[in-house]
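Keep in mind that the numbers below use all heavy atoms, side chains included, and drop hydrogens, waters and symmetry copies. What you see is a predicted model, and the numbers here were worked out from it, not measured in a lab.
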Amino acid sequence: AAAGGKKPNPFLPYEKDMFVSEIFPTHLCLLNKFNVIDHHLLIVTSYFEDQEMLLTLRDFEAIWMCMSEFEGLAFYNGGVVAGASQPHKHLQMVPLPMGDRGSVPVEPLIGRSRPYGPLRYSPDLSFLHSIALLDRSLAQTPIEAARVTYRLYRVMLERTGLNRMSQLSDEKQDGPYNLLFTRDWMLLVKRSCEFFGTISVNALGFAGALLARDDHEINLIRAGGPMNVLKQTAVSGSIMDLQLP
C-alpha cells in the first residue's frame with residue numbers, strides 16, 4: 001500500500017512492459033497484468049479520472065479505435081458495485097470469440113430481443129437492462145461509431161433510470177452499471193450489489209462468463225444457477241416498467 005494507506009494507482013505510472021500504444025493524448029492502451037483472457041486490453045485515461053464519472057465521447061473514440069482493429073468485446077464496470085477494481089477510469093476489451101460456443105455467450109439472448117422505443121429488451125434477461133443493435137460497418141469509421149454509440153449509451157442510461165441525457169458528461173453516474181458492446185450490439189445493466197456469495201460479478205458475468213476462483217465458487221454458481229447469480233446482483237424490473245421522461 002502507498003503511504004498513508006492509500007491504494008497505489010497502477011496506471012500512474014503504468015508498468016512499461018504493459019504499454020501497448022497511445023491512442024490519443026487523452027488515452028493509453030495497456031495490457032491487463034491480471035488478465036482472465038489472453039490479449040486482455042485496458043483503455044485508460046492518461047490523467048486520473050474517476051471510474052464513476054460518466055463516459056465521454058472521447059472515451060468512446062478511444063475504444064472504437066481499438067474495436068476497429070480487431071473483433072472484440074468492450075466493457076465498462078461503472079463503479080465498485082459493478083465490479084470495478086480500480087478507481088482510475090478504464091474501459092476493457094477482450095478478443096472474440098470468447099469460447100468454442102460462439103462469439104459471446106449472451107449473444108443469442110440479445111438476438112431474441114424485442115423493440116421498446118429507441119432501444120430493445122430481452123425477455124430472457126429477468127433484470128433491468130437495455131439493448132441497442134448496431135450496424136457493424138460502423139467499425140470502419142471509429143469516430144462516427146463513437147458518436148453513434150455515445151448517444152445510445154446516454155439513452156440507455158436514461159431508460160434504465162440513471163443519468164438523464166440533459167446532464168453533462170463531466171458528472172458522476174447516478175448509480176452502478178455495466179456496459180458491454182461489440183460491433184453488433186450494446187447491453188447496459190443496472191447493478192444492485194457486487195457479490196453473489198463470495199463471487200465478484202463484473203461486466204463479463206453479464207456477457208455470460210462468470211469467473212470462479214475455486215471449486216467452492218463453481219459449486220455456488222451451479223447451485224444458484226448462472227442466471228440467478230446475475231439477477232441477484234442486478235436490479236429487478238424492466239425498462240417497460242419505468243416511466244419515460
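- Summarising the geometry, atom SG belonging to C29 is positioned 11.5 Å from atom CD belonging to E22; distances are rounded to the nearest 0.5 Å.
- Cluster membership for M156 and Y150, using ILVMFWY side-chain heavy atoms within less than 4.5 angstrom, is shared.
- Checking side-chain atoms of R183 against main-chain N and O of M67 turns up a donor-acceptor pair under 3.5 Å.
- Separation of atoms CG (L157) and CG (L152) is listed at 11.0 Å; rounding is to 0.5 Å.
- A salt bridge links E71 to R136: at least one charged side-chain nitrogen sits closer than 4.0 Å to a carboxylate oxygen.
- Placement of V201 and Y76 in two distinct hydrophobic clusters is found when ILVMFWY residues are connected by side-chain heavy-atom separations under 4.5 Å, directly or transitively.
- Residues M227 and L109 form a side-chain contact, since some pair of their non-hydrogen atoms from C-beta on lies under 4.5 Å apart.
- Rounded to the nearest 0.5 Å, atoms CD1 (I43) and CG (L28) are 10.5 Å apart.
- Here the CD1-CD distance, from I63 to Q92, works out to 9.0 Å after rounding to the nearest 0.5 Å.
- Side-chain contact between T182 and S103 is absent, with no heavy atoms from C-beta onward closer than 4.5 Å.
- With hydrophobic clusters built from ILVMFWY side chains whose heavy atoms lie under 4.5 angstrom apart, V155 does not share a cluster with L187.
- Residues Y177 and V235 are members of separate hydrophobic clusters, defined by side-chain heavy-atom contacts under 4.5 angstrom among Ile, Leu, Val, Met, Phe, Trp and Tyr.
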**Asked** Hey, mind stepping through E217 and T198 against side-chain hydrogen bond (donor to acceptor under 3.5 Å, both in side chains) and telling me if it holds?
**Response** CA-CA 7 Å; E217 292 190 344; T198 58; 2.9 Å; yes
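- In this structure the side chain of Y14 reaches within 4.5 angstrom of the side chain of K16, judged on heavy atoms.
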**Item:** Stepwise side chain to side chain contact (heavy atoms under 4.5 Å, CB included) check, T26 with E61
**Value:** CA-CA 11 Å; T26 54; E61 289 173 348; over 6 Å; no
**Working for side chain to side chain contact (heavy atoms under 4.5 Å, CB included), residues M186 and L134** = CA-CA 8 Å; M186 300 176 73; L134 305 176; 3.9 Å; yes
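- Closest non-hydrogen pair, V106 versus W185, comes out as CG1-CH2, 4.0 Å.
- With sequence neighbours excluded, the residues satisfying salt bridge (charged side-chain N to carboxylate O under 4.0 Å, His left out) with E144 are R147.
- For the pair R164/D174, no side-chain contact is recorded, criterion being any heavy-atom separation below 4.5 Å from C-beta on.
- Contact annotation: the side chain of E52 never approaches that of P176 to less than 4.5 Å [non-hydrogen atoms, C-beta and beyond].
- None of H90, Q51, H88, R58 except one satisfies the side chain to side chain donor-acceptor pair (under 3.5 Å) rule with T45; the exception is H88.
- Residues A203 and L179 share a closest heavy-atom pair of CB-O, 4.4 Å.
- Of all heavy-atom pairs between L138 and A145, the closest is O-CB, 3.5 Å.
- Summarising the geometry of Y121 relative to P115, their closest heavy-atom pair is CE2-O, 4.1 Å, with the distance given to 0.1 Å.
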**Request:** Just do the side-chain hydrogen bond (donor to acceptor under 3.5 Å, both in side chains) check on R154 and N163 with the steps written out, would you?
**Result:** CA-CA 8 Å; R154 294 305 305 265; N163 299 67; over 6 Å; no
Please report, to 0.1 Å, the donor-acceptor pairs under 3.5 Å made by any side chain of residues 126-133, with sequence neighbours excluded.
unit_1 : atom_1 : unit_2 : atom_2 : d
H129   : ND1    : F127   : O      : 2.7
H129   : NE2    : S122   : N      : 2.9

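- Crowding of Y47 atom OH: a count of heavy atoms from other residues, nucleotides or ligands under 6.0 Å not exceeding 12.
- If you chain together hydrophobic residues whose side chains sit under 4.5 Å apart, Y153 and M53 never meet in one group.
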**Request:** Determine, step by step, whether L204 and L73 satisfy the side chain to side chain contact (heavy atoms under 4.5 Å, CB included) criterion, reporting the C-alpha distance in whole Å, the side-chain angles of both residues, the deciding distance to 0.1 Å, and the verdict.
**Result:** CA-CA 9 Å; L204 284 177; L73 169 71; 4.1 Å; yes
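- Here the side chains of F195 and T233 are not in contact, with every heavy-atom distance at 4.5 Å or above.
- Residue L54 comes nearest to L168 through the heavy atom pair CD1-O, 3.6 Å, listed as atom of the first residue, atom of the second, then distance.
- In this structure, the side chains of L220 and F196 come closer than 4.5 Å at one or more pairs of heavy atoms.
- A donor-acceptor pair is defined here as one N or O able to donate and one able to accept, closer than 3.5 Å; such a pair exists between the side chain of D241 and the backbone of S238.
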**Item:** Audit row: F206, R191, side chain to side chain contact (heavy atoms under 4.5 Å, CB included) steps and yes/no
**Value:** CA-CA 11 Å; F206 292 91; R191 294 293 301 275; 3.7 Å; yes
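- Here the closest heavy-atom approach between residue L42 and residue L31 is recorded as CD1-O, 4.2 Å.
- The pair K89-D59 meets the salt-bridge criterion, with a side-chain N (NZ, NE, NH1 or NH2) lying under 4.0 Å from an Asp/Glu carboxylate O.
- Side-chain contact of Q140 with S68: a donor-acceptor pair under 3.5 Å is absent, judged by distance alone.
- Note that the CG atom of N178 and the CZ atom of F75 stand 9.5 Å from one another [nearest 0.5 Å].
- Atom CD of residue E158 and atom CG of residue L162 lie 10.0 Å apart, to the nearest 0.5 angstrom.
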